[in-house]
Amino acid sequence: PANLFFDDERATMRLLTRNSAAQPFAGTVGFEIYDYLDRKVKAGSAPVSVPARSTAKTDLDLGTGAKGIFRIVAWVEDRDGTDEEISFAVVPRPRVSGPDRDSMIGIHATSSDFQYDVLKKLGVKWQRVLSPEAWFRWRIAEPAAGKFVWFDEEARKAVDHGFETLGTIGSEWPKWADRAGRPDLE
């Protein structure tokens, strides 16, 4: 997911070339790959042949021999307005695959399947729920004294993806618990 590759696997991009014309198209797709400092680290091209009113698939080799964050710019040669840009990353493979109770790598995640999938691939095993998600903020979790709002769906999604959650109530307390600008913890 997320155009994320490990440094011990082949980094490839599936290039889709669409031809909406009534005649077949044969041409060349050029591409350049830039690193995070905007230095060109690779350039190349790939021939494409697309029947009329159809889409062709071609794999592009993104390998640069380096780890990091990159962007690829691709275009159909001699055709204006065909430029496309996509980012990707090459990272070391985590030492442990799956849940790792000893991992110190965590994040403030959103409760999305996509983000959990990417974080799992990166080796992140736990999340702290305070920001950007709000399900442990005291003022939201207990808006009135003794009245709790539970975020079971969000918690279940994290568990289903193999994440452990560290909940922190943060520095915002509900109005009902305010005592002269301080939280009433009794």
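With hydrogens and angles disregarded, no donor-acceptor distance shorter than 3.5 Å links the side chain of Ser45 to the backbone of Gly30. Judged by distance alone, the side chain of Asn19 and the main-chain N or O of Val50 form a donor-acceptor pair under 3.5 Å. Arg53 places no side-chain N or O within 3.5 Å of a backbone atom of Ala21 that could act as its donor or acceptor partner. Thr64 places a side-chain N or O within donor-acceptor distance of the main-chain N or O of Ala66, the cut-off being under 3.5 Å. Although no hydrogens or angles enter the test, the distance criterion places no donor-acceptor pair under 3.5 Å between the side chain of Lys147 and the main chain of Glu142. Lys42 places no side-chain N or O within donor-acceptor distance of the main-chain N or O of Tyr34, the cut-off being under 3.5 Å.
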Scan the side chains in residues 148-159 for donor-acceptor partners under 3.5 Å anywhere in the protein, sequence neighbours excluded, and list what turns up.
| unit_1 | atom_1 | unit_2 | atom_2 | d |
| --- | --- | --- | --- | --- |
| Lys157 | NZ | Ser111 | O | 3.0 |

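A salt bridge does not link Asp7 to Arg93: none of the charged side-chain nitrogens sits closer than 4.0 Å to a carboxylate oxygen. With salt bridges taken as basic N to acidic carboxylate O contacts below 4.0 Å, none links Asp35 and Arg71.
Atom CG of Asp160 has more than 12 heavy atoms from other residues, nucleotides or ligands within 6.0 Å. Other residues, nucleotides and ligands place no more than 12 heavy atoms under 6.0 Å from the CZ atom of Arg182. More than 12 heavy atoms of other residues, nucleotides or ligands shown are found within 6.0 angstrom of CG on Asp8.
Follow the hydrophobic side-chain contacts under 4.5 Å out from Phe5 and you reach Ile72 in the same cluster. Val48 and Leu16 fall into different hydrophobic clusters, where Ile, Leu, Val, Met, Phe, Trp and Tyr are joined by side-chain heavy atoms under 4.5 Å apart, directly or via other members. Transitive grouping of hydrophobic side chains (ILVMFWY, heavy atoms separated by less than 4.5 Å) brings Val41 and Leu62 into a common cluster.
Smallest separation of non-hydrogen atoms from Glu9 and Leu4: OE2-O, 4.1 Å. Counting all heavy atoms, side chain and backbone alike, Pro143 lies closest to Trp176 at O-CD1, 3.0 Å. Here the closest heavy-atom approach between residue Ala46 and residue Thr58 is recorded as CB-CG2, 4.3 Å. The two residues Gln127 and Phe163 come nearest to each other via the heavy atoms N-CD2, 4.3 Å. Contact detail for Ala22 and Ala52: the closest heavy-atom pair is O-CB, 3.2 Å.
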Practice prompt. Begin from the C-alpha positions of Glu77 and Thr28 and carry the test side-chain hydrogen bond (donor to acceptor under 3.5 Å, both in side chains) through to its verdict.
Written response: CA-CA 6 Å; Glu77 292 184 0; Thr28 302; 4.5 Å; no
Discussion item. Applying side-chain contact (heavy atoms from CB on, under 4.5 Å) to Phe136 and Leu166, what does each step give before you reach the verdict?
Written reply: CA-CA 9 Å; Phe136 272 100; Leu166 169 65; over 6 Å; no
Item to complete: Show the numbers, then the answer: is there a side-chain contact (heavy atoms from CB on, under 4.5 Å) between Ile86 and Asn3?
Response: CA-CA 9 Å; Ile86 297 172; Asn3 301 324; 3.3 Å; yes
Practice prompt. Could you give me the CA-CA distance, side-chain angles and deciding distance for Phe31 and Leu15, then say whether side-chain contact (heavy atoms from CB on, under 4.5 Å) is met?
Written response: CA-CA 11 Å; Phe31 68 92; Leu15 174 68; over 6 Å; no
Item to complete: List the steps and the verdict of side-chain contact (heavy atoms from CB on, under 4.5 Å) for Asp178 and Asp184.
Response: CA-CA 6 Å; Asp178 188 85; Asp184 181 2; over 6 Å; no
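Counting heavy atoms from C-beta on, the side chains of Arg79 and Phe25 come closer than 4.5 Å. Using a 4.5 Å cut-off on side-chain heavy atoms (C-beta onward), Val73 and Glu84 make no contact.
Atoms CH2 and OG1, on Trp75 and Thr82 in that order, are 9.0 Å from each other to the nearest 0.5 Å. Taking CD of Glu172 as the start and CZ of Arg137 as the end, the distance is 5.5 Å to the nearest 0.5 Å. Separating the CD1 atom in Ile33 from the OG atom in Ser87 is a distance of 12.0 Å, to the nearest 0.5 Å.
Residues forming a ring pair (Phe, Tyr, Trp, His ring centres under 6.0 Å) with Phe88 (at least two apart in sequence, or on another chain): Phe70.
Geometrically, Lys67 does not engage Phe6 in a cation-pi contact, judged by NZ or CZ lying under 6.0 Å from the ring centre and within 45° of the ring axis.
Tested against Phe114, the residues Val118, Thr110, Asp117 include a single side chain to side chain contact (heavy atoms under 4.5 Å, CB included) partner, Val118.
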